[in-house]
Number of protein chains: 2
Amino acid sequence: MIVAASNRLHVNKHNVTSIDVARLADVSQSAVSRTFTPGASVSEQTRARVMEAATKLGYRPNAIARTLSTRLSRMIAVVVSNLQNQFYPVVIEQLSQRLQQDGYHVLLFITDVEEADELLGELLRYQVDGIVMASASLSSALAQQIAEARVPVVMFNRVSRAGSISTVSSDNHGGGRAVAHFLAGGGHQRIAYLAGAEDSSTNHDRESGLADGLAERGLRIAARGVGHYEFERAAHATLELFTQGSSADRPDALFVASDHMAFAAMDTLRGALGLRVPEDVSVIGFDNVQQAEWGAYQLTTVEQDVGAMIESTVGMLMRQLQNDAVTRDHAVIPARLVVRSSARVPT
Amino acid sequence: MIVAASNRLHVNKHNVTSIDVARLADVSQSAVSRTFTPGASVSEQTRARVMEAATKLGYRPNAIARTLSTRLSRMIAVVVSNLQNQFYPVVIEQLSQRLQQDGYHVLLFITDVEEADELLGELLRYQVDGIVMASASLSSALAQQIAEARVPVVMFNRVSRAGSISTVSSDNHGGGRAVAHFLAGGGHQRIAYLAGAEDSSTNHDRESGLADGLAERGLRIAARGVGHYEFERAAHATLELFTQGSSADRPDALFVASDHMAFAAMDTLRGALGLRVPEDVSVIGFDNVQQAEWGAYQLTTVEQDVGAMIESTVGMLMRQLQNDAVTRDHAVIPARLVVRSSARVPT
DNA sequence: CTGAAAGCGCTTACAG
DNA sequence: CTGAAAGCGCTTACAG
């Protein structure tokens with residue numbers, strides 16, 4: 001008894017428990033628990049007494065203890081890899097706020113592709129109620145593990161090869177196709193593509209959309225570079241694309257797989273290469289991040305509807321949570337071209 | 001008993017516990033716990049048997065249960081308000097990775113100033129081991145609550161008025177002063193200041209640094225606008241600053257309290273106002289976010305050393321965690337001027 | 001080194 | 001509506 005007391009004093013982390021409240025309010029501990037459980041049956045009288053005691057003591061229900069007994073943590077793991085790309089901060093911001101609205105909390109994991117596997121184990125130890133993967137594609141081994149653990153997952157802005165997991169993405173193919181028609185309509189002849197990560201579904205779909213759209217106009221992708229969705233590598237790839245071959249071969253338009261890379265491309269075009277945008281070369285990006293509207297870029301780009309994507313993601317998660325079942329939905333959100341002045345406009 | 005079993009089947013969330021492992025390995029549950037507790041005493045033999053059983057069953061220790069008995073969650077709450085400002089994504093990214101290295105996890109809260117109070121209660125329920133506040137300044141009421149809860153806090157990039165809480169910030173005053181000397185040295189006569197949020201310590205210190213530096217050169221702040229650290233409001237304030245009064249009164253230099261706002265200012269200067277930077281007006285920002293290096297801006301700015309700030313923050317947190325005590329340190333990280341081409345360079 | 005047992009702070013049938 | 005009690009899955013003195 002004495003040991004316990006001194007121990008308690010030592011640890012001393014605001015140790016007001018439901019038992020303390022119960023004692024002060026002169027009710028059972030169950031009664032305290034019930035007044036803090038929405039929908040539980042307590043009389044107005046005891047609720048009032050409990051609340052009074054609780055505020056007097058500064059009682060704060062321990063969410064960890066609740067999690068242990070209910071098996072519901074009300075935490076969602078959000079896994080992201082690339083905050084350098086301006087698209088993701090807004091995703092995180094909006095997703096967090098949306099989840100907070102519903103009384104969920106975000107356990108954030110920053111990772112690159114390699115670490116994803118070990119991370120997942122770590123994340124499952126925390127009994128998260130669900131997972132949003134906005135980083136790498138899951139390996140099938142990982143997808144398997146998650147399925148066994150029976151925790152709802154949705155992949156954000158990527159489609160899994162495994163196919164066994166819910167996904168939310170924009171209509172990347174449609175977006176690429178719209179770009180093709182816009183550029184073809186603008187009279188461009190030599191249209192180049194600056195790719196993101198080769199193994200990503202977004203890159204694949206945007207490129208095939210472009211290719212398909214151009215084919216419909218009797219054109220094809222004239223040249224191709226790879227920027228891996230990174231700024232520096234995009235700048236480098238742009239330089240290569242526009243210096244190889246004779247100047248007659250030079251592309252007159254460049255579709256870049258992300259805005260983030262498009263800014264690098266424009267800088268390189270205008271700086272190192274001394275070209276004008278869009279007079280000498282048209283540039284089109286993908287995402288429509290806030291910087292696309294900045295005066296110095298005025299980037300024509302395909303907009304991803306982040307709000308709709310998040311709504312869809314959270315909806316899927318909540319449905320799985322409620323049904324206590326893991327399902328496989330695939331949402332494809334329409335993407336539209338936002339026309340600014342970095343690409344020649346069809347007349 | 002039957003009820004319990006069917007219940008277990010129903011919930012069914014990868015329910016392998018240390019007891020299951022113990023049974024299979026034919027040891028006590030304590031032995032299982034010990035083999036997963038670094039530093040606990042287990043013989044090599046039993047450890048091996050436990051590990052074999054554990055991998056066979058896919059056992060994953062429940063971190064929530066551990067938290068309940070140790071009172072240590074290994075979760076750190078990170079509170080941020082403004083991810084639109086490009087400075088914060090990199091802070092979150094680096095902070096998360098640094099914390100993950102040390103085996104901590106990030107519980108992310110996005111909030112604006114108003115919600116901060118209710119949020120805090122929520123956050124303390126989750127038994128976080130520490131808090132990094134990178135959003136609003138804490139109200140003194142809040143600071144009080146946290147102190148009572150005995151959870152280590154550090155304010156990141158802001159100094160609390162209360163003074164009772166650890167803080168990490170750049171040398172904002174020194175940065176402002178360096179800007180003053182640089183602009184004075186460049187022969188500017190009418191130096192204006194575009195403020196961030198009026199009640200923030202960063203804004204206050206940057207402005208007083210500018211004022212003090214100018215005073216040392218026999219100058220003073222010639223004009224002043226307020227952008228509240230927001231893009232649109234900064235654009236608007238810039239427009240006002242440069243259209244009021246006669247054109248002879250027009251500022252020839254503008255120090256902006258953050259890069260984020262500086263981009264808006266440059267866009268407005270060059271777009272709506274048709275002025276050249278730096279020929280007609282020099283612009284200097286604060287933060288040195290990645291966009292400051294973009295070709296179209298080439299922003300001269302005061303760099304915040306994010307790496308050092310984070311190292312300091314995590315160090316403070318860990319020290320408090322180890323000493324089981326809440327202390328009050330104040331770290332001020334040196335800030336240096338990064339010279340690019342948005343401001344006339346002293347000769 | 002090892003096991004039995006108490007305890008962390010809740011929730012929730014169960015019986016009244 | 002209410003209370004006593006079992007249980008969630010761990011950690012950790014304690015005694016051997």
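In what follows, every chain begins at residue 1, and chains take the letters A, B, ... in the order their sequences are listed.
The CD1-C1' distance, from B:I64 to D:dT11, rounds to 15 Å in whole Å. Atom CZ in A:R74 sits roughly 17 Å away from atom P in C:dC10 (whole-Å rounding). The interatomic distance linking A:R23 (CZ) with C:dG9 (C1') rounds to 13 Å, in whole Å. Distance A:R60 CZ to C:dC10 C1': 16 Å, rounded to the nearest Å. Atom CD of A:Q127 and atom C1' of D:dC10 are 11 Å apart (whole Å). Nucleotide C:dG9 holds its P atom 4 Å from the CZ atom of B:R71, rounded to whole Å. Nucleotide C:dG9 holds its P atom 9 Å from the CG atom of A:D20, rounded to whole Å. Following rounding to the nearest Å, B:L57 (CG) and D:dG9 (P) show an atom-to-atom distance of 14 Å.
Residue A:Y59 has a polar side-chain atom (N or O) positioned under 4.0 Å from OP1 or OP2 of C:dC10. One finds no side-chain N or O of B:S30 lying less than 4.0 angstrom from the OP1 or OP2 phosphate oxygen of C:dG3. For B:S41 and C:dC1, the shortest distance from a side-chain N or O to OP1 or OP2 is below 4.0 Å.
B:S18 comes within contact range of the sugar-phosphate backbone alone, with a heavy-atom separation under 4.0 Å but no base atom that close. Counting any heavy atom pair closer than 4.0 Å across all strands shown, A:T46 reaches sugar-phosphate atoms only and no base atom. Contact annotation for B:T70: backbone-only contact, meaning every heavy-atom pair under 4.0 Å involves sugar-phosphate atoms and none involves a base. Nucleic acid contact for A:S33: base, since at least one base atom lies under 4.0 Å from a heavy atom of the residue.
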Derivation and outcome, side-chain contact (heavy atoms from CB on, under 4.5 Å), residues A:L108 and A:I110: CA-CA 7 Å; A:L108 182 70; A:I110 309 271; 4.1 Å; yes
Verdict with reasoning, B:R49 to B:E52, per salt bridge (Lys or Arg N to Asp or Glu O under 4.0 Å): CA-CA 5 Å; B:R49 287 172 56 184; B:E52 192 190 333; over 6 Å; no
Verdict with supporting geometry, A:N62 and A:T17, side-chain contact (heavy atoms from CB on, under 4.5 Å): CA-CA 8 Å; A:N62 182 325; A:T17 72; over 6 Å; no
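Comparing the same atom, P, in D:dA5 and in D:dC1 gives a spacing of 23 Å after rounding to whole Å. A gap of 16 Å separates the C1' atoms of D:dT12 and D:dG16, to the nearest Å. The gap from the P atom of C:dC10 to that of C:dC14 amounts to 24 Å, rounded to the nearest Å. Between the P atoms of D:dT2 and D:dA6, the separation comes to 22 Å (whole Å).
In a base pair of the Watson-Crick type (N1 to N3 plus N6-O4 or O6-N4) or a G-U wobble (N1-O2 and O6-N3), with each distance short of 3.5 Å, C:dA15 is matched with D:dT2.
Checked against D:dT11, C:dG9, C:dG3, the side chain of B:S69 finds its nearest nucleotide in D:dT11. Checked against C:dC1, C:dG9, C:dA5, the side chain of A:N62 finds its nearest nucleotide in C:dG9. Side-chain proximity of A:L68 to the nucleotides D:dT12, D:dG9, C:dT12 is greatest for D:dG9. Taking every side-chain heavy atom of A:T37 into account, C:dT11 is the closest of C:dG3, D:dT2, C:dT11. With distances taken from any side-chain atom of A:S43 to the nucleotides D:dG9, C:dC10, D:dT2, the minimum falls on D:dT2.
Inspection of the B:N15 and A:R71 side chains reveals an N or O donor paired with an N or O acceptor under 3.5 Å. Between the side chains of B:E122 and A:Q100, no donor N or O sits under 3.5 Å from an acceptor N or O. For the residue pair A:S18/A:Q29, the side-chain donor-acceptor check at 3.5 Å is satisfied.
Here the side chain of B:D102 pairs no donor or acceptor atom with the backbone of B:Y104 at under 3.5 angstrom.
Annotation: of the two residues near DNA chain C, B:V42 and A:R66, the 5′-most nearest-nucleotide partner is B:V42. Nearer to the 5' terminus of DNA chain C, by closest-nucleotide assignment, is the contact made by B:Q45 (compared with the other of B:Q45 and B:A65).
A donor-acceptor contact under 3.5 Å is formed by the side chain of B:R34 with the base of C:dG3.
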